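Following: one structure in structure tokens, then a few remarks.
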Amino acid sequence: MKSLYHLLEMIQLIEKYHDQPNTILIKGKEEVVDMYHLLAAGEVETEADLAAQISKTTKQDNSYQKIKSQLKSCLTRGILQLDFSEDRVSPRKKAYLICYQEWAAANILLGKSARNAGIDICLKVLKKARKYEFSDLVTEICRVLRLHYATREGDESKFDLYNGMYHEYAAICEADNLAEELYTQLVLKFVKKKGVEENKAKQAAIYYQRLLPALQKYDSYRLHLSAYLIQLLMLTSQNDYPKVILICNEMISFFEQKSYKANVPLQIAYYHLLVAYTQIQDYDKAREAAENCLPLVEKGSINWHKYQELLLQLNMHQCKFEDAYYIYRKVVKEGKLKFSDTYTQEMWRIIEAFVYWLKEVGALKIDAEPHAAKKFRLGKFLNQTPGFSMDKRGMNIPILVVQILFLIVEKKHDDVIDKIEAINKYCSRYLNSGGTYRSNVFIKMLLQIPANRFHREAVIRKTMRYRKLLEAHPLKLARQTHEIEIIPYEYLWDIILDNLGAVFSPFSPFLFSGGPFF
């Protein structure tokens, strides 16, 4: 079904914004119309089923692929007909959608020699594009206008006006593009990996210095957004949460002075405030940041998923597990996760694993929920997180932790013992830096459980020194990405101890010293 997601996304937009969706299929064959309605109704589970119903063939068959291609062409044309004027999104996003829709119409008119109509639309779009700082679009429109007034009307004053505007915005656009390029170079590896990279902060500081002259000259949206993101990446990679808070407040002040509501930068600032206050355990201010962020986020968007993830993590940090569970359920039911990128989906599968472990040990009371009866399958979970499993110093850590947690709670003694040597090698190879110190200590604590045959008092005695090391290196000082500890290790450990018995389990212990963790 994954290969059909691009069609499903287009169909969802058309169903939402088009008064008469059937009109976009008026030139399509009967099979094209049938395919549209099957996908819109959600009546097929796989592409193989769709091919069988539509063309009585397989999905590799040319006739089926031709029908799918024709539907895509119809949908593409239909996107240009959508009416976003009543859309309940931010004014800037609405302006963006309408400007680019009308810009496409202007280009079609100009391409078909309907120049008067095309130029009229260009002038209309230009005004809105300048207001909302779409510098790249302003540059393109001015290029068309200066050409028109020079070659078609011979109007020197208007040529000078749009030529001057072109050079002004081309310079802004160049600064915007440089800032965006530098930020994307920094963030590129963090999509798949969440582990701390020691040189990122230094590189970010160098990049920010490169942007200073442009920042002092221009106040453009895209330039300053990218520059703030670079600063935040620099500070979060050092876990300097007090400075993160300062930069976020500065960012909020800068974008609130715009003549329009700059939702995305404000969302980002409140996201980082939510993370920072959660990590330093100032939960009241974290809640305040969450409340400020909620009205800015469009439901079902990538940013909405990230906001829900951070809010869930805040509840986990406060041990409000039922509240965290209902956020998880809301995202699964309403968040359209299947349309999200692979790593967003994997993050929510990791969250799901911890939710069901909490239920398994009795820390989460959700018996009245129909979904609560679902059986969590560890093997399936591991198969569904291949991307983060490669992130050995980052998001593979909670994947490994949750594996051990399930093996312990299910008392799969042999499986735990079989994994001990591999886990020790993993720790010595990947968890020997400052950014993974807490995880290294915690995993050593977990391994003491089977080593002491699941006896609560014995485990407490053997892990006392580790517990002190963990407490001496609190979360707010840990140089690790905030996603790694879905539940802070101290709280997680207390839940584990509550579920250990007062008698030794009847199997032979193995020798385990705990090993080095520096």
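Please read all numbers here as calculations on a predicted model, not as lab measurements.
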* Ignoring hydrogens and angles, tell me if any N or O in the side chain of Ser253 forms a donor-acceptor pair with the backbone of Asn249 under 3.5 Å. => no
* Is there a side-chain contact between Leu446 and Ile496 (heavy atoms, below 4.5 Å)? -> yes
* Asked: Does Lys128 come within less than 4.0 Å of Glu102, counting only side-chain N to carboxylate O?
  -> no
* Structure fact -> Closest non-hydrogen atoms of Ala353 and Val402, given as atom of the first, atom of the second and distance, are CB-CG2, 3.7 Å
* Atom OG1 in Thr184, atom CD in Glu181: separation rounded to 0.5 Å? -> 6.5 Å
* Sidechain N-carboxylate O distance under 4.0 Å for Arg143, Glu140 -> yes
* Distance-only side-chain donor-acceptor flag, Glu485 / Tyr489, under 3.5 Å -> no
* Asked: Do Asn303 and Ser301 have side-chain N/O donor and acceptor atoms under 3.5 Å apart?
  -> no
* Note: Glu133-Lys258 ion pair, threshold 4.0 Å (strictly below) -> yes
* Hey, what do you get for OG (Ser226) to CG (Leu211), rounding to the nearest 0.5 Å? -> 8.0 Å
* Asked: Will you find, in the side chains of Glu47 and Tyr64, an N or O donor that is under 3.5 Å from an N or O acceptor?
  -> yes
* Donor on one side chain, acceptor on other, Glu352 and Tyr328, under 3.5 Å -> yes
* Answer whether the closest heavy-atom distance between the side chains of Gln203 and Gln185 falls below 4.5 Å. => no
* Asked: Does the separation of the ring centres of Phe321 and Tyr325 fall below 6.0 angstrom?
  -> no
* Taking side chain as C-beta onward, heavy atoms only, is Asn177 less than 4.5 Å from Glu174? -> no
* **Heavy-atom donor-acceptor pair, Tyr307 side chain to Ala290 backbone, under 3.5 Å** => yes
* Kindly state whether the ring of Tyr132 and the ring of Tyr96 have centres lying under 6.0 angstrom apart. => no
* To do: Please confirm whether Arg146 makes a cation-pi placement over Tyr166, using NZ or CZ under 6.0 Å from the six-membered ring centre and within 45° of the ring normal.
  => yes
* Asked: Do Glu309 and Lys306 pass the salt bridge (charged side-chain N to carboxylate O under 4.0 Å, His left out) test, and can you show the C-alpha distance, the side-chain angles, and the key distance before you say yes or no?
  -> CA-CA 5 Å; Glu309 178 193 321; Lys306 191 64 183 175; 3.1 Å; yes
* Residue from Tyr183, Phe254, Tyr218 passing ring pair (Phe, Tyr, Trp, His ring centres under 6.0 Å) with His224 -> Phe254
* To do: Locate the shortest heavy-atom distance separating Leu50 from Leu4; write the atom from each residue and the value.
  => CD2-CD1, 3.6 Å
* **Side chains of Glu346 and Pro386 in contact at under 4.5 Å (non-hydrogen atoms)** => yes
* To do: Report yes if the side chains of Val331 and Trp304 come closer than 4.5 Å at any heavy-atom pair, otherwise no.
  => yes
* When the ring centroid of Tyr283 is compared with that of Tyr277, is the distance short of 6.0 Å? -> no
* So, Lys200 side chain and Leu233 main chain: donor-acceptor pair closer than 3.5 Å or not? -> no
* Asked: For the atom pair CG (Leu314) and CD (Gln318), what is the distance rounded to the nearest 0.5 Å?
  -> 4.5 Å
* **Gap between atom CZ of Arg130 and atom CE of Met165 - 0.5 Å precision** => 4.0 Å
* Hey, could you give me the CG/CZ distance between Leu126 and Phe134, rounded to the nearest 0.5 Å? => 12.5 Å
* Asked: Is there side-chain contact between Cys319 and Tyr491, with heavy atoms separated by less than 4.5 Å?
  -> yes
* **Approximate separation, where rounding is to 0.5 Å, of Ile486 CD1 and Trp357 CH2** => 13.0 Å
* **Side-chain heavy-atom pair Ser439, Ile484 within 4.5 angstrom cut-off** => yes
* To do: Indicate yes or no: does Glu471 engage Arg438 in a salt bridge with an N to O separation below 4.0 Å.
  => no
* Asked: Would Lys243 and Glu250 pass as an ion pair if we require N to O under 4.0 Å?
  -> no
* Heavy-atom closest contact (Cys248 atom, His272 atom, distance) -> SG-CB, 3.4 Å
* Does the side chain of His317 come under 3.5 Å of the side chain of Gln281 through a donor N or O and an acceptor N or O? -> no
* Asked: Is the closest side-chain heavy-atom distance between Lys261 and Leu266 below 4.5 Å?
  -> yes
